[in-house]
Amino acid sequence: MDDVDAVVIGSGPNGLVAAALLARAGWRVTVLERSAVAGGAVHSGELTVPGYVHDTYSAFYGLLHCSPVLGELGLDKDLEWAHFPSPVAAAVSPQEVAVCHRDPEQTAAGLARRATTDGPAWASLYRWWCEVGTSFLTQMLGPVGAPGPGLAFARRARRQGLFDTTQMLLGPLEALCVERFSDPAARALVAAGASHADVPVDHPGSAPAAIILALAAQQVGMPVPVGGAGRLAAALARAATDAGAVIRTGTEVTRVVVERNRVTGVESADGSHVRARRAVLADTGPRALFHGLVGTDHLPARFLDGLARFRYGTGVFKVDLALDGPAPWTAPELAQTGVVHLTGDLDAMAQAAHEARRGIVPARPMLIVGQQTVADPSRAPAGGHTLWIETHVPPVPRQSGSWASSKDAFLDVVMQRLEDHAPGLGARVVGSAVRTPEDLERENPNLVGGDLGAGSSSLDQQLVFRPVPGWFRYGTPVKGLYLCSASTHPGGGVHGMAGHNCARRVLSDRRRRRI
Ligand SMILES: Cc1cc2nc3c(=O)[nH]c(=O)nc-3n(C[C@H](O)[C@H](O)[C@H](O)COP(=O)(O)OP(=O)(O)OC[C@H]3O[C@@H](n4cnc5c(N)ncnc54)[C@H](O)[C@@H]3O)c2cc1C
C-alpha cells in the first residue's frame, strides 16, 4: 500500500494544478488517472488520418492566458504558442461576418464599415474591459468572496461603474448586444461566447461568460499550443511531476475510504490502495464522487438534497475534419480566423440553445469551428488543414432516445451548414471523426451528457451555489475530502483555477490544523 500526504483523483488540468501546488509545498502527492494519458479534456492525437493532429476536446487557451496558473506553474517553459491574425469571427450568413482582429482598432474599424456606430461601441466595450472587466475576471477566477480581488474590482469600477457593470452582467446578453450594437453580425460577435455554454442569449446569466470570452479574445487572442493540445497536457503533467508528484495513469479510483467521518485513502479498480494521511482531492463530478466513490451513508441529508439539485448543461457534438486544403469560406476574412462562429443572428442563437435544452436536436445548430492549422501548420501535412467543430445539442435526443440512431442524420446537418458557408468544403475532406455526448462521457466520466462545463453555467449554479449551495469552498462534509474539478467555482474552461483555489484551501486548512 502506498502512503502519501494527498491523493488526487483525476489528472485534468484542475487535478494537475492542485497536485503541483501541493507538491511544491513539500507534500507527497499521488495522482491517479483512469485514462492512459494525463490531461483530462486537454488531449490531442491523429484522430482521422495519419499526419493530421486534432485536439480531441479543448483547443483554445485564451482563458489560461488570463489565469495566474500559466505563469505560476511556468507552463511556457517548453511550450510554444501560435496566434491567429484574427482570433474570432461570427457569421450570421455566408456573406455577413464580423471579425475580431488582434488589434482592437482594426476590429472597431471593421465593425464601423458595416455600421458606423458599432466601431465606437466596440472600442468603448473594450475600454471597459481594460479598465474594469479584467479585474472582474480576476475576481471571478479566485475563490468566492476573496477580499483582495473583490476590493480591486470595486475600486476600479467605482460606485456608478459597479451598478452599471453588475446590471450589465446580470441581464440577458441580448439586451447588451441590442442596446449597444446595430449590425446583426456585430451583435453575434459579442454574443458568440454564449454558444460555448448552455445559457441561451435571452436568459439572465448569459452575459458574463460571453463577455469574458469575446473581450479576452480581443486582449490575448485565441492561443493554441504548437503541436496540439497534448503538448499543454504534457506541460501540466510535467509541472506536477517536476514538483515531486507521482502520476499513475490507467488507474481508476473505485472507492474513497472514509473512517469516522475522515478520509483515509482510496481504492482502485486494479485492487491497489493508497493511504492519504492528510487529504484526498477529487477532480471528478460531484455525483460520481459522493454517490459513487464515497457513498451517501457518510453525508448529511441536507448536503444530499443540495447535490440532487446539481444540473448538467447541454451536451457537445464534436466533429474533426482533415482537409487537403483550406476551408473555402465565402467570406474571405474567415481564412485567417482561429475560431469561426456560425451562429446566425440572436434569434437563431436563442432558438438553437432552447432546442438543445428541450431535448430537440437543433435544426440550425450554432457551430463553433476551430482552424488550428491556420496558426500552426505543423499539425497537418503540407497544404493540409484541420477543422475542429463543436456544437451544443441535447445530452440525449428526445425523439430517438439515443445519439447512436441520431448521429448520422445530425452529422449531415452539420456538414450542410459548413457547406453553406464554405461551398466545396465537403470535397476537401480526407478524413473525419465524430464524438457524440455519449462518446464524450464514455471517454471521460466528468463530461456527463457531454457537458463540457461539468455542470450548467446558469446563474443558480454559480459562485456560492456551485456545486452545492453553501459548499463552494472546495471542502465537503467529510474531513480531508475536497472537490477540485470544473464542477466547482469558477467552472468550466482550461484555467486550472478550481485546482489552484482548492489546493490553497487545503494548505490553509492544514496550517489551521483542520486536517
Ligand atoms: C469538446 C470540448 C471542448 C472544449 N473546449 C475548450 C476550449 O477550447 N477552451 C477551454 O478553456 N476549455 C474547453 N473545454 C472545457 C475544458 O476542457 C474543461 O472545463 C476542463 O478540462 C476541466 O478540467 P478538469 O480538471 O475539471 O476535468 P477534466 O479535464 O474533465 O479531467 C478529469 C479527469 O479525471 C479523470 N477521472 C474521473 N474520474 C476518475 C476516477 N474515478 N479515477 C481516476 N480518474 C478519474 C478523467 O479520466 C479525466 O482525465 C472543452 C471541453 C470539451 C469536452
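Every number for a ligand or one of its atoms is a count from 1 in the order of the listing. The shown structure was predicted, so the numbers you read here are calculated from the model rather than taken from an experiment. The first residue in the sequence is number 1, and the count goes up from there.
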Point to revise | Side chain, backbone, both or neither: the part of Asn446 lying under 4.0 Å from ligand 1 by heavy atom | key: side chain
Point to revise | Pairing of Arg278 and Asp509 as salt bridge, 4.0 angstrom limit | key: no
**Study point:** Audit row: Trp129, Gln219, side-chain hydrogen bond (donor to acceptor under 3.5 Å, both in side chains) steps and yes/no
**Key:** CA-CA 9 Å; Trp129 174 254; Gln219 186 189 3; 2.8 Å; yes
Check your understanding: Which residue owns the protein heavy atom closest to atom 40 (C) of ligand 1, what's the atom, and how far is it?
Key -> Ile9 CG2, 3.7 Å
Study note, to complete from the structure: atom 19 (O) of ligand 1: closest protein heavy atom, distance to 0.1 Å, is Gly493 N, 2.7 Å
Point to revise | Polar side-chain atom of Asn14 near backbone of Ala498 as donor-acceptor pair, under 3.5 Å | key: yes
Check your understanding: Is the shortest side-chain N to carboxylate O distance from Asp242 to Lys77 below 4.0 Å?
Key -> yes
Review point. For atom 31 (O) of ligand 1, which protein heavy atom lies nearest, and how many Å away is it?
Key: Gly12 CA, 3.2 Å
Practice item. Could you tell me whether Arg379 and Asp55 have a side-chain N and a carboxylate O separated by less than 4.0 Å? Key: yes
Check your understanding: So is Val42 close enough to ligand 1, meaning a heavy atom under 4.0 angstrom away?
Key -> no
Review point. Could an N or O of ligand 1 be found under 3.5 Å from any N or O of Asp283, whether backbone or side chain?
Key: yes
Exercise for review: For ligand 1, find out whether one of its N or O atoms is nearer than 3.5 Å to an N or O atom of Ala486.
Suggested key: yes
Check your understanding: Which ligand 1 atoms does Val494 reach within 4.0 Å, using its non-hydrogen atoms?
Key -> 10 (C), 11 (O), 12 (N), 16 (C), 17 (O)
**Study point:** Under 3.5 Å: N/O of Arg34 near N/O of ligand 1
**Key:** yes
Practice item. Look at the rings of Phe60 and Trp388 and say which category their plane angle falls in: under 30° parallel, 30 to 60° tilted, over 60° perpendicular. Key: perpendicular
Practice item. Looking only at protein heavy atoms, identify the closest one to atom 9 (N) of ligand 1 and say how far it is in Å. Key: Phe60 O, 2.9 Å
Practice item. Compute whether any side-chain donor of one residue and acceptor of the other, for Arg417 and Thr391, lie under 3.5 angstrom apart. Key: no
**Study point:** Option nearest atom 1 (C) of ligand 1 (shortest heavy-atom distance, choices Arg248, Glu33, Met222, Glu390)
**Key:** Glu390
Revision key, fill the gap. Candidates Ala38, Gly39, Ser485, Ala41; heavy atom nearest atom 29 (O) of ligand 1 found on Ala41
Exercise for review: Quick one: look at Leu452 and ligand 1, take heavy-atom pairs under 4.0 Å, and tell me if it's side chain, backbone, both or neither.
Suggested key: both
Exercise for review: Can you sort out which atoms of ligand 1 are near Gly40, meaning under 4.0 Å from one of its heavy atoms?
Suggested key: 29 (O), 31 (O), 48 (C), 49 (O)
Practice item. Provide the number and element of each atom of ligand 1 under 4.0 Å from a heavy atom of Ser35. Key: 47 (O)
Point to revise | Whether Ala59 lies under 4.0 Å from ligand 1, heavy atom | key: yes
Check your understanding: Considering only heavy atoms, does Leu64 approach ligand 1 within less than 4.0 Å through its side chain, its backbone, both, or neither?
Key -> neither
Check your understanding: Taking the six-membered ring for Trp, are His83 and His65 parallel (under 30°), tilted (30 to 60°) or perpendicular (over 60°)?
Key -> perpendicular
Revision key, fill the gap. Within 4.0 Å of some non-hydrogen atom of Leu447, the atoms of ligand 1 are 53 (C)
Practice item. Compute whether any side-chain donor of one residue and acceptor of the other, for Asp439 and Trp403, lie under 3.5 angstrom apart. Key: no
Exercise for review: Show which atoms of ligand 1 fall inside a sub-4.0 Å distance from at least one heavy-atom site of Leu32.
Suggested key: 43 (C), 44 (N)
Exercise for review: Would you mind listing which atoms of ligand 1 come within a distance below 4.0 Å of any non-hydrogen atom of Asn14?
Suggested key: 23 (O), 24 (P), 25 (O), 26 (O)
**Study point:** Heavy-atom nearest neighbour of atom 38 (N) of ligand 1 within options Val256, Val37, Leu440, Thr284
**Key:** Thr284
Review point. Should the ring pair Phe303 and Trp471 be called parallel, tilted or perpendicular, given that the plane angle runs from 0 to 90° and is split at 30 and 60?
Key: perpendicular
Review point. Charged N to carboxylate O below 4.0 Å: is that the case for Asp5 and Arg277?
Key: no
Practice item. Using distance alone, determine whether Asn444 and ligand 1 share an N or O pair under 3.5 Å. Key: yes
Point to revise | Side chain Thr30, main chain Val7, donor-acceptor under 3.5 Å | key: no
Practice item. May I ask you to check whether Phe310 and Tyr312 place their ring centres under 6.0 Å from each other? Key: yes
**Study point:** Ion pair Arg248/Asp2, N-O distance below 4.0 Å
**Key:** yes
Revision key, fill the gap. Checking heavy-atom distances from atom 42 (N) of ligand 1 to each of Val253, Leu236, Val17, the winner is Val253
Practice item. Please say whether Glu443 places an N or O atom under 3.5 Å from an N or O atom belonging to ligand 1. Key: no
Practice item. Answer with yes or no whether the side chains of His495 and Ser67 bring together a donor and an acceptor at under 3.5 Å. Key: no
Check your understanding: Rounded to the nearest 0.5 Å, how far apart are CG of Leu289 and OG of Ser485?
Key -> 8.5 Å
Study note, to complete from the structure: Note: heavy atom closest to atom 20 (C) of ligand 1, options Pro13, Gly10, Ala282, belongs to Pro13
Exercise for review: Closest by any non-hydrogen atom to atom 5 (N) of ligand 1: pick that one out of Ser58, Gly492, Gly292, Ala269.
Suggested key: Ser58
**Study point:** Residue part near ligand 1, for Thr251, under 4.0 Å between non-hydrogen atoms
**Key:** backbone
